Protein chains: 4
Amino acid sequence: MSFNSFGHLFRITTWGESHGPAIGVVIDGCPPGLPLTEADIQPFLDRRRPGQSRFTTQRQEPDTVEILSGTYEGATTGTPISLLIRNLDQRSRDYAEIADRYRPGHADWAYEAKYGRRDPRGGGRASARETACRVAAGAVARKVLGPGVRISAFLVELGGDPIDRARLDPAEIDRNPFFCPDAAAALRWETLIDSARKAGSSLGAIVEVVAEGVPAGWGSPVYRKLDSELAHAMMGINAVKGVEIGDGFAAARLKGEDHADRMRPGPPGAGPVFLSNHAGGTAGGISTGQPVVVRLALKPTSSILTPVETINRDGEAVEIATRGRHDPCVGIRAAPVAEAMMALVLADAMLMHRAQVG
Amino acid sequence: MSFNSFGHLFRITTWGESHGPAIGVVIDGCPPGLPLTEADIQPFLDRRRPGQSRFTTQRQEPDTVEILSGTYEGATTGTPISLLIRNLDQRSRDYAEIADRYRPGHADWAYEAKYGRRDPRGGGRASARETACRVAAGAVARKVLGPGVRISAFLVELGGDPIDRARLDPAEIDRNPFFCPDAAAALRWETLIDSARKAGSSLGAIVEVVAEGVPAGWGSPVYRKLDSELAHAMMGINAVKGVEIGDGFAAARLKGEDHADRMRPGPPGAGPVFLSNHAGGTAGGISTGQPVVVRLALKPTSSILTPVETINRDGEAVEIATRGRHDPCVGIRAAPVAEAMMALVLADAMLMHRAQVG
Amino acid sequence: MSFNSFGHLFRITTWGESHGPAIGVVIDGCPPGLPLTEADIQPFLDRRRPGQSRFTTQRQEPDTVEILSGTYEGATTGTPISLLIRNLDQRSRDYAEIADRYRPGHADWAYEAKYGRRDPRGGGRASARETACRVAAGAVARKVLGPGVRISAFLVELGGDPIDRARLDPAEIDRNPFFCPDAAAALRWETLIDSARKAGSSLGAIVEVVAEGVPAGWGSPVYRKLDSELAHAMMGINAVKGVEIGDGFAAARLKGEDHADRMRPGPPGAGPVFLSNHAGGTAGGISTGQPVVVRLALKPTSSILTPVETINRDGEAVEIATRGRHDPCVGIRAAPVAEAMMALVLADAMLMHRAQVG
Amino acid sequence: MSFNSFGHLFRITTWGESHGPAIGVVIDGCPPGLPLTEADIQPFLDRRRPGQSRFTTQRQEPDTVEILSGTYEGATTGTPISLLIRNLDQRSRDYAEIADRYRPGHADWAYEAKYGRRDPRGGGRASARETACRVAAGAVARKVLGPGVRISAFLVELGGDPIDRARLDPAEIDRNPFFCPDAAAALRWETLIDSARKAGSSLGAIVEVVAEGVPAGWGSPVYRKLDSELAHAMMGINAVKGVEIGDGFAAARLKGEDHADRMRPGPPGAGPVFLSNHAGGTAGGISTGQPVVVRLALKPTSSILTPVETINRDGEAVEIATRGRHDPCVGIRAAPVAEAMMALVLADAMLMHRAQVG
């Protein structure tokens, strides 16, 4: 069943709770001979790291990664790569109240309904802290993919305020704390987040992930479609409630002649040139050579300061307001996580394709 | 890798092409002692069957299911259940042209880029005909779930025309050929489809699937979230390009206090009563006891009569218009398929939960 | 869990009972472009087929294979290959008695303890008839491996009477009904089987399988060792109770200096020449380039005419003597099955190696 | 593929090299609510720990286990349990020579043939040190099984010298450094090992593992037979070259009437009483309620002081004698490892049975 594993051939297993001594990930199936040190992974963790601006949680975690196995003389050996990230800034006292009360919108009640018990400190295993492991593993997946595949995620909407596609500038993404490719929108979002934060409220967001340089032929019908694998990967990120590929939901409003991506002959030896990319880079579950385009919708953080109705472990009616540190918009830090999941899906698809077709 | 298998403990493997002698599915892991004959499966196949109205493909397939193994004296034995459905109405001559040209929006080019070859007759393995196997397996999954879990799918939008939620009447769903729960919308859609069909065009749709009676505790963090499994299942249905759970993409526009589903004490011995269901029945990837609500967006069929630009196997610029029989809106027949995928995911989650928690 | 599937990337799923309408296998993950028709598979089924001499069961089954999917114009397409073998010579009346009584040494009691019910006709799913599906799938696996890998199984002992290794002649294997490579032993075994059969008794056997031409590097540490995969594959054949690789149990009696296979430089560009093959072709779970050598011990058929003590479904003390048709030594027909399992393990290992290392 | 994972529902993933900073295991799928602290695991590691007598390697490793996740307030939560064991006594200078030369009988050449490179320090990933992780995970598996299932492993033969079954006394097993249940044999083995050690040689051994209290019904036909899972588990232990269940290879020399285990009515409400246990506790791949009996043959350690012929990385003919510390008979410390693998297989089978049959 592998509840905590993702991927088939390039396969990760993550472990750890928000307030335990550490979190970590074991990467199995990595090809040998890839140069790999902590310096290849740390920059990706740094992008996701909390506490870097006033717009994310104030928990201070350096998220320093240690490679415990799987490399020798600075390169992978083909054996499992164990990565460890220590938890340093736990404040478990913040969580005394929620040990007894279920926060609406959080996993508290569901975990207890399932397991009969849970680790309430910082959300335990349900904490978004787990996504640091995905990001670390994603850095290794990028090594497998090589520089030919370029993956980028950015926010296209925050708190209901979309970017202007005409202003989309990839260079802008890393110039603001929102992974926002539209400088004007980034300014507006600053205000949006600030007022939400002050009101003890929270906001949702929509993230777009694009992978360029994916060759045609990756992914597999019928139940391993690239679309399915991506949907699985993205829907599993904390707070994601919707996933779409290419035109996605908008495709349901198009006519057949407006949606199908027409083809013209490409350069000699290459595949076709497509005249549009409504499909988002896949057909029949297989990559077409076009950019793979995925969008994910993230709900607003359920940790809010307004007291809301809930029940406690004795089944009594109570109220709860979330104290503790949290992100006013989890969608922001989801961008590097979405990139990582794209990398994991693609690295796996690459190995799967190589296995069957050679 | 199991390209053609779905599920972990309740696991199906499908096989067959659109124009081969038959298609089929092997169901592995089914609990023993469940009453099961062809009569339990056939009604579900009949709902999905083509050629029942002028609004779907005119291919005439009785889709009669045969149980070849796994039952004894009318009940399951715990051994694999093999189901066979013969193909009777192939007209492969219709597909001569597409053997040489890649239909835009179809899997033709991608299959060939991957495998170097493909079976062009009726789309081969990429045909939506494969979904008959899902529907047959879904009928067995319903047996596993028992009558306490009730699954229903219906169209909430067709060709950009949404139903009126205020008029939603479950009893209406089976009274029109569109699985439409709004009688007024069903009338409008008749016209929409008719004109699309006459114009040689095609339309998209949005399907909603609801499962009631799912107990709290099914599904598993982190990479086996119920949300992830549902997204994987639904995104793998032919033509689906978007999946959302609960409020889905709309959740990204809500504030935290408006999205989190508040709880009040339920009846003695039961879980809480929720005051809303924005989450769509899951929290932290685990069912909460509320109805599980999923929506899927289906693109318009890529088989259209208008000639469009493409290339042929020699890489030359040509045009193609799809002849052969096809659905003007594949979204319609996707409703019983979506129900089946919901049943498959839930039966699997039920067994997975039982395994770990007992 | 996949109770009825074997393999990771080259993956088979079998189904069917001894006295159902048919048995079959679905092969998933086969590379595309391999020439494949029924004529490639049938000869292997013919070698395993019962009723060809007085030394095996008299059940008459032509075991004719039909390819239902996965090929186009005589070659594989990369989609699942469904193979069907009809059951033609069921005589279910023979099995009335065993529906109510548990045959010692058979799976009757265990199946019922597990599932609460069972199909008693011909052993149901526990019948060795299932191995026909393995043999059919093994023929496809050989196509994946290509002619460079040569697999041969033969009996090295029957009823406690071993062959003389000095007389081992591969050409002899197909000249007698025992897959015996020693002509003198084959003559003796004829007498052994005849007297066992007349006494209503049965005999055990030891089968050796050798794969030549396996390149160095297949198989994977730690839990996918080639040794483990072979042990899994062979121990799962009906009636097998022991598996050993290379020297096997005899290795436990050797000293380190006598067991380790010494190496000398091989031809330019090739691996080493080994001076012995005590290891049976693997080291650290990975193939070394030497022949892979496996032996399996098969218990005597539990179907015997002598009445023996047992209980019935009401838990009462009764006796039972097996009527119906059966093999006096199941070890004989296990030879082609063991070859098939070797082919399945190696084809899978080949694809797994290609996936990770390219 | 999951090269480094074992099990289906109770699933472990191990990582780490002999001379890295640590080794570890992640346990996924563990039921919640089981009391678990380091004190439940450490005693099992202590039994396997090296350096406790002159008969095992002199490497000094305390093998102290740390639980990094998956428990809360002293009990499991259902989330992954990460166990870490630090490596403290690496002496990598011992391994300079073998970085360049392939030790016969070791995995050196095979790893390099597969991956193109390897970590030579202490055998890297191929080191038996990995089995500490199995033992740690096995301790958790025992918690899942509960006290009703009792697992014991002991040596029945060392260096070709078997125990006397008439003298087998379970209480003796922990009174000597050989896990030998026959006090007289233990004395003889002391001499055997001493002389092998002095001669720079090494010895093989046969280990028997018995699990009592396993209820009828665990394990699953066809490809998840309990026999197959056990064979897979045991054959994957370092140095194992043969596995047998019940009578094993000796069964091949019995007649049907002498092998089939006869049944008599058992106590009311219980299964049958069996009059013998030739089958070793399984039938049709399913447990029968009798003790599960498995034996494994371990080759002599390939690390010997006698110089033997081999080649180096340049393909030249050289000689090598193993320096460094090693076990003169790896079979000894395999006993606790075999117990652990039995526990892992049974815990997995228990959960698998519960999933399907409830």
Side-chain angles (χ1 to χ4, degrees), chain C residues 1 3-4 6 8 104-105 107 110 113-114 126 160 201-202 204-206 216-217 220 222-225 227-228 231-232 235-236 241-245 248-249 251-253 255-257 259-265 272 283-284 286 288 297 299-302 304 306 308-311 315 317 352, chain D residues 1 3-4 6 8 104-105 107 110 113-114 126 160 201-202 204-206 216-217 220 222-225 227-228 231-232 235-236 241-245 248-249 251-257 259-263 265 272 283-284 286 288 297 299-302 304 306 308-311 315 317 352:
Chain C
M1 299 207 297
F3 306 114
N4 294 279
F6 182 83
H8 306 277
K114 182 175 192 71
S201 180
S202 65
I206 297 178
S220 306
V222 171
Y223 296 108
R224 294 278 89 80
K225 286 198 179 104
D227 313 60
S228 294
H232 191 280
M235 194 66 99
K241 298 303 284 187
V243 177
E244 57 183 12
I245 292 174
F249 277 83
R253 283 138 209 160
K255 295 195 168 175
E257 56 272 30
H259 185 272
D261 300 310
R262 296 159 195 221
M263 290 175 260
R264 294 284 80 185
I286 300 168
T288 58
K299 66 175 185 179
T301 322
S302 302
I304 50 172
T306 321
V308 289
E309 299 150 297
T310 191
I311 63 169
M352 286 166 76
Chain D
M1 300 207 297
F3 305 115
N4 294 279
F6 182 82
H8 306 278
K114 182 175 192 70
S201 180
S202 64
I206 297 179
S220 306
V222 169
Y223 295 107
R224 294 277 89 78
K225 286 199 179 102
D227 314 59
S228 294
H232 190 279
M235 194 67 98
K241 298 303 284 186
V243 177
E244 58 182 12
I245 291 173
F249 275 84
R253 282 137 209 160
L254 293 179
K255 294 196 167 175
E257 56 272 30
H259 186 272
D261 300 310
R262 295 157 197 223
M263 289 175 259
I286 300 169
T288 59
K299 66 174 186 178
T301 322
S302 302
I304 49 172
T306 322
V308 289
E309 300 149 296
T310 190
I311 62 170
M352 286 166 77

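This is a predicted model, so every value here is computed, not measured. In what follows, every chain begins at residue 1, and chains take the letters A, B, ... in the order their sequences are listed.
To the nearest 0.5 angstrom, Ser220(D) atom OG is 3.5 Å from Lys114(C) atom NZ. Here the NZ-CG distance, from Lys241(C) to Leu254(D), works out to 12.5 Å after rounding to the nearest 0.5 Å.
With a threshold of 4.5 angstrom between heavy atoms, Ala126(C) does not approach chain D through any atom at all. Contacts between Thr288(D) and chain C at a heavy-atom distance below 4.5 Å involve backbone atoms as well as side-chain atoms. Proximity to chain D (any heavy atom under 4.5 Å) is restricted, for Lys225(C), to the side chain, taken from C-beta onward. The contact between Ser201(C) and chain D is made by backbone and side chain atoms together, counting heavy-atom distances below 4.5 Å.
Closest heavy-atom contact between Arg264(C) and Ile311(D): C-CG2, 3.4 Å. Nearest heavy-atom pair across Ala283(D) and Ala110(C) is O-CB, 3.4 Å. Residues Ala113(D) and Ala216(C) approach most closely at CB-CB, 3.7 Å, considering heavy atoms. Nearest approach of Ile206(D) to Phe249(C), heavy atoms of both residues: CD1-CD2, 3.9 Å. Nearest heavy-atom pair, Ala252(D) versus Ala205(C), reported as atom, atom and distance to 0.1 Å: CB-O, 3.5 Å. What you find for Asp227(D) and Met235(C) is that their closest heavy atoms are O-CG, 3.4 Å.
Ranking Gly160(D), Gly242(D), Pro272(D) against chain C, the residue ahead of the rest is Pro272(D), based on heavy-atom pairs under 4.5 Å. Of the listed residues (Pro300(C), Ala251(C), Ser202(C)), the one with the most heavy-atom contacts under 4.5 Å to chain D is Pro300(C). Between chain D and the residues Ala107(C), Pro265(C), Ser302(C), the largest count of heavy-atom pairs under 4.5 Å involves Pro265(C). Ranking Glu244(D), Glu257(D), His232(D), Arg253(D) against chain C, the residue ahead of the rest is His232(D), based on heavy-atom pairs under 4.5 Å. Among the candidates Glu309(D), Lys255(D), Lys299(D), His259(D), the residue making the largest number of heavy-atom pairs closer than 4.5 Å to chain C is Glu309(D). Interface summary for chain D: among Ala260(C), Gly284(C), Ala297(C), the most heavy-atom pairs under 4.5 angstrom belong to Ala297(C).
Taking the six-membered ring for Trp and thresholds of 30 and 60 degrees, Tyr223(C) and Phe6(D) have ring planes inclined between 30 and 60 degrees apart.
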